[in-house]
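Here the structure comes first, spelled out in structure tokens, and everything after it is commentary.
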Amino acid sequence: MDLLIDSFISAIALVISLDQEMVDIVAVSLKVSGYSTLFAGLVGIPLGFLVAFESFPGKRFVITCLNTLLAVPTVVIGLFVYAFISRRGVLGLFDLLYTQKAIIIGQTLLIIPVVTALTIAAISRIDQRYRKTAMTLGANRRQTAFVIFREARYGIVAAVIAAYGRVISEVGISMMLGGNIRGFTRTMTTAMALEYDKGAFTLAVALGIVLLGLSFGMNLMFHLFQGRVRS
Amino acid sequence: MLFDISDLTKTFSDRTVLDVPALALKKGEIYGLQGPNGAGKTTLLNILAFLERPTAGIVSYKSKPVQYSEPFLRQLRKEVVLVDQLPLLFTTTVFNNMEFGLKIRGISKEERKRRILKGLAMVGMGDFVYAPANQLSGGETQRVALAARLVLKPEILLMDEPTANVDIASAQQIKEAALMARREWDTTLIIASHDRDWLYNVCDQVMHLFKGRLFGTGKENIIFGPWRHLSGSLWEKELPDGQCIRLSGPPEPGAVAVLEPPAIANGKDTQSADPDAHILNGIVSRLTLEKNSADIMATILIGNLPFTLKLPRQKIQQENLYPGQKVTLIYNPYSVKWL
């Protein structure tokens, strides 16, 4: 118990003093998670919108597959991407393994289904009468799609926030594809795992506090947007 | 003719919800559409608004058969607009909602603003120009939705139960605004409504839709089953006040009967020579002036069942009919159609 209390007090001091090593680790985490969320959003939002807006054979099957992909463990994606970017892999010549780019690729693949599935849910919740209203006012398909997108905007932002929350707290992909290299690919979660292995809890607890703080902030935003969706 | 429809059917999962062998609608007229819930009114309006395609049949608009391709329909939708029963406004300001259709039609900014202010004034919403649309009441939403269509100066305005879910004041403003559109731009109005008095007051023609079929003029009396066999071909339905309506040969006990107005006469004419005639006692509940004629539509309550009679104004004066007066009705049980 003393160990936990001592570590917690030291960790608080570390957070307040903005320890350089901690700040660097947080910066790497925010950067790779930010990029992966951006790329997943660029792919997942249009994909989710298309699936939700259009009618095509096998639509339900596609949605079922996407929902299944939500549960894929991070280590499976880590292994999958590793097979492509390792020296012996198809993309081995690009030297991506143990770089921030590798983490971004893996994390992007992890959350594309999250963004897509939640975008589909957000679009599907929009009342069908919006489409009818736009059409009777003379809108073409593109204008009607824009109306639906605009009505679903808060739900889509909530999808992106949820996806960001998923990647910033994952450890499998960052560890397997980033390699936990200090100052380069060390993220909050991989650093915490390492510090735990070393038996040095102070930095681990400090990073845990920062991570929890970030998660709290994102959840707060998520509920704010969800609230606007409901209203 | 604006619309010329032939052999139109619409089915959902093998269930025919609309079956219209022929329908012609003229420009500048006001049409009323009556019928119970589930009769197919909304489906017909959606087809007329080019929002749904019929399963079979030909719909001609301005003498040209409608091609159900998106670019073709989009052009038609710029002339024919629909106000839903429960319209939605986009989650932005009233102004932006009003501007949506005008922007699509490429109207200039100044003209858009001018039309929006005029449109909102027409429905008594002039003070709500920049109000958030999602904070309006049901009646206000309905009025703004109507105004957003009126500013487009449509050739045809379709209204699905425009006054069903609003207060009396809103209903009045909606009615006045719709008629103003007709006066100012010669807009053809097609109104589905349960407000029988309003339809008879304003419409050039009222149609009755029941189980997907159009029939008569909307003045027919519809009597639902169940029917109980009496004797021979006669079946009867008991009313809450103990009286019985007797009619000839329903196809099944749950069938729906249609009695046309000429089959009912004021009770003081019971000396008429029809030996098959039956008598019912009722009370005058409403007298409504019919548009384009000197006739009065009299609603007689028998039990809780409203019967409609079309009577010349002279007859009303002669018989000194007024709401609350007891009357006797006579009808021929063999003059019935079954649905």
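Note that these values count all heavy atoms, side chains included, but never hydrogens, waters or copies made by symmetry. As the structure is a prediction and not an experimental result, all values here were calculated from the model. Quick note on labels: first sequence line is chain A, next is B, and so on, each numbered from 1.
Side-chain contact between A/Tyr130 and B/Thr91 is present, with heavy atoms from C-beta onward closer than 4.5 Å. Using a 4.5 Å cut-off on side-chain heavy atoms (C-beta onward), A/Thr133 and B/Phe100 make no contact. Side-chain atoms of B/Leu86 and A/Arg129, non-hydrogen and from C-beta on, do get closer than 4.5 Å to each other. Here the side chains of A/Leu137 and B/Arg149 are in contact, with some heavy-atom distance below 4.5 Å.
Distance check: B/Arg74 CZ to A/Gln143 CD gives 7.5 Å after rounding to the nearest 0.5 Å. Rounded to the nearest 0.5 angstrom, A/Met135 CE and B/Leu82 CG are separated by 11.0 Å.
B/Arg182 CZ: more than 12 foreign heavy atoms inside a 6.0 Å radius. Environment of OH in A/Tyr35: sparse, with no more than 12 heavy atoms of neighbouring residues, nucleotides or ligands closer than 6.0 Å. In the displayed structure, A/Leu38 atom CG is contacted under 6.0 Å by more than 12 heavy atoms of other residues, nucleotides or ligands. Crowding of A/Phe61 atom CZ: a count of heavy atoms from other residues, nucleotides or ligands under 6.0 Å not exceeding 12. Residue A/Phe53 qualifies as enclosed at atom CZ: its count of foreign heavy atoms under 6.0 Å is above 12. Open room surrounds NZ on A/Lys31; 12 or fewer heavy atoms of other groups in view lie less than 6.0 Å from it. Enclosure of atom CZ in B/Phe90 by more than 12 non-hydrogen atoms of other residues, nucleotides or ligands within 6.0 angstrom is indicated. Counting heavy atoms of neighbouring residues, nucleotides and ligands inside a 6.0 Å radius, atom NZ of B/Lys78 exceeds 12 of them.
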>> I'd like to know whether A/Thr136 forms a side-chain contact (heavy atoms from CB on, under 4.5 Å) with B/Arg77, so could you lay out the CA-CA distance, the side-chain angles of the two residues, the decisive distance to 0.1 Å, and finally the verdict.
In response: CA-CA 6 Å; A/Thr136 198; B/Arg77 284 189 204 123; 5.7 Å; no
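The pair B/Asp84-A/Lys132 meets the salt-bridge criterion, since a charged nitrogen lies less than 4.0 angstrom from a carboxylate oxygen.
Contact count versus chain A (heavy atoms, under 4.5 Å) is highest, among B/Val80, B/Asn46, B/Thr92, for B/Asn46.
Only the side chain of B/Leu152 has a heavy atom closer than 4.5 Å to any heavy atom of chain A. Heavy atoms closer than 4.5 Å to chain A are found nowhere in B/Val83, neither backbone nor side chain.
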